[in-house]
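The block underneath contains the structure these notes are about, expressed in structure tokens.
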Amino acid sequence: MTNREQIKKYINKNQKEFIDVLFTLLKQPSISSQNIGIKECADLLQGIMKKAGIENVKIMESNGHPFVYGDLMSPENEFTLLIYGHYDVQPPEPLDKWISPPFKPIIRNNKIYARGVGDNKGQLLAHILAVKTLLDLQGSIPINLKFIFDGEEENGSPNLKPFMVKHKEMLQADLIYRSDGPLDSSGAPIINLGGRGMVSLELTATGADRDHHSGNKGNIVPNPAWKLIDLLSALRTPDGTVQVEGFYDDVRALSERDLEIIRSNYFDADEKAKTYGLKHLDMDGETYFKNKSVVPTFNINGIASGYMGEGHKTIIPSTATVRLDVRLVADQDPRDIFNKIKNHIQKIAPDIKVSGEGSFPPSRIPTDLPVVQAVIKSIEKTYEQKALIFLAAGSSGPNNIFTDVLNKPSISVPYANADEDNHAPNENMNVDLFFKGIEASCNVMNDLADDEPS
Ligand SMILES: [Zn+2]
């Protein structure tokens, strides 16, 4: 088998060619929400995959934008890896904030600037170019590979679950692997073993049927803003503990190994404070990693009532609304949590209206799986640095779809730089990290062959 040094050398030698392939992909807009260039990009991707040596490449229709599938199988291989990525991008607006045009890729200060370079074309391409690298060097890859590339991830992947259910046999694998998002701001690689779920809610308090004069009607007409504030402070204590009955009942306990992982993660409170734009962060590492992955949140993401225009308008507003997102952790069930919140509110503030705005479940795979250990070891060797392991990513990706439908573990390992500015103007990917991503995928593909998943 090819050793790691040879892989590194090969990537070094082929840097120009790899950048050219990436630029070709980046020049093709593929804005899913505006339905611009999707079909063209799927065609282009199909060609790039074939050229890299991936077989059975096809564009597969869904109820929305198509998926691009491909595989590379051999009866000699025991392990099958399913790689997920997405070829659609966010809209580039506001255009005047871009230093160079979003679909004209360019390298400045060792960074490639283009819409979609980090999210997700550069990361998706790293896996494809890893196939080319290994085939050129070794002639074969010691595990089976399947690729599924989504054309509407930036729209929330509405067709991913039905597609996976429909093609469950075709997509069956031992592990699902995904690279999206950035490395840690310290430069350390990150390995996510799950993702948080989410429930979104809107609460509306009402008073009179119209706004009233706060002098003439003060103390007479009830103020819905106060109703809402009183309710919110009854739902959560100042230290962040949620007071909803049964809210924590299904939160999965942490094993000794889980705690070990959390405690061994590197943490620098000052560096994090700087990254987040805070004066200081009063938190130790253990609390930080627990809060980010295994503790549910109860967040106010918008609140509105009364008059906030110029000057003062002395009114008692007639309505007040708050929007909440509750990030769930394994094994909280979104519907159950929504009902618990709704029931709790009905008990203490029955006239406040509660509506649900969508949800999805959390996921978290066991830390002691051999395949998890194999990926961690492989990544740490590639980046020559200890990885930060999140029992679940703070944000919510499609992990739960893979674990639910295929009933197999799913891991995400981001390849982009912490300041990739994805979704924003001047999206970029560090050139070295693009090549490092190819190397990481090569090594994971080789190293997983040594592992016997259970
Ligand atoms: Zn994105």
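Worth knowing before you read on, the calculation uses all heavy atoms, side chains too, and leaves out hydrogens, waters and symmetry mates. Whatever order the structure lists ligands and atoms in, that order sets their numbers, starting from 1. Residue numbers start at 1 and run along the sequence shown.
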With sequence neighbours left out, the residues meeting ring pair (Phe, Tyr, Trp, His ring centres under 6.0 Å) with F163 are F67, H167

Before we go on, tell me: are the rings of Y84 and Y177 under 6.0 Å apart, centre to centre? no

Less than 2.8 Å from the Zn ion (ligand 1) is the window; count the protein N, O or S atoms in it. 4

Rounded to the nearest 0.5 Å, what's the gap from OG on S412 to CZ on F402? Could you check? 10.0 Å

Tell me whether the NZ or CZ atom of R108 lies within the 45° cone about the ring axis of Y113 and under 6.0 Å from its centre. yes

Is it the case that the ring center of Y415 lies less than 6.0 angstrom away from the ring center of H127? yes

Do E152 and H86 have a side chain donor and acceptor closer than 3.5 Å? no

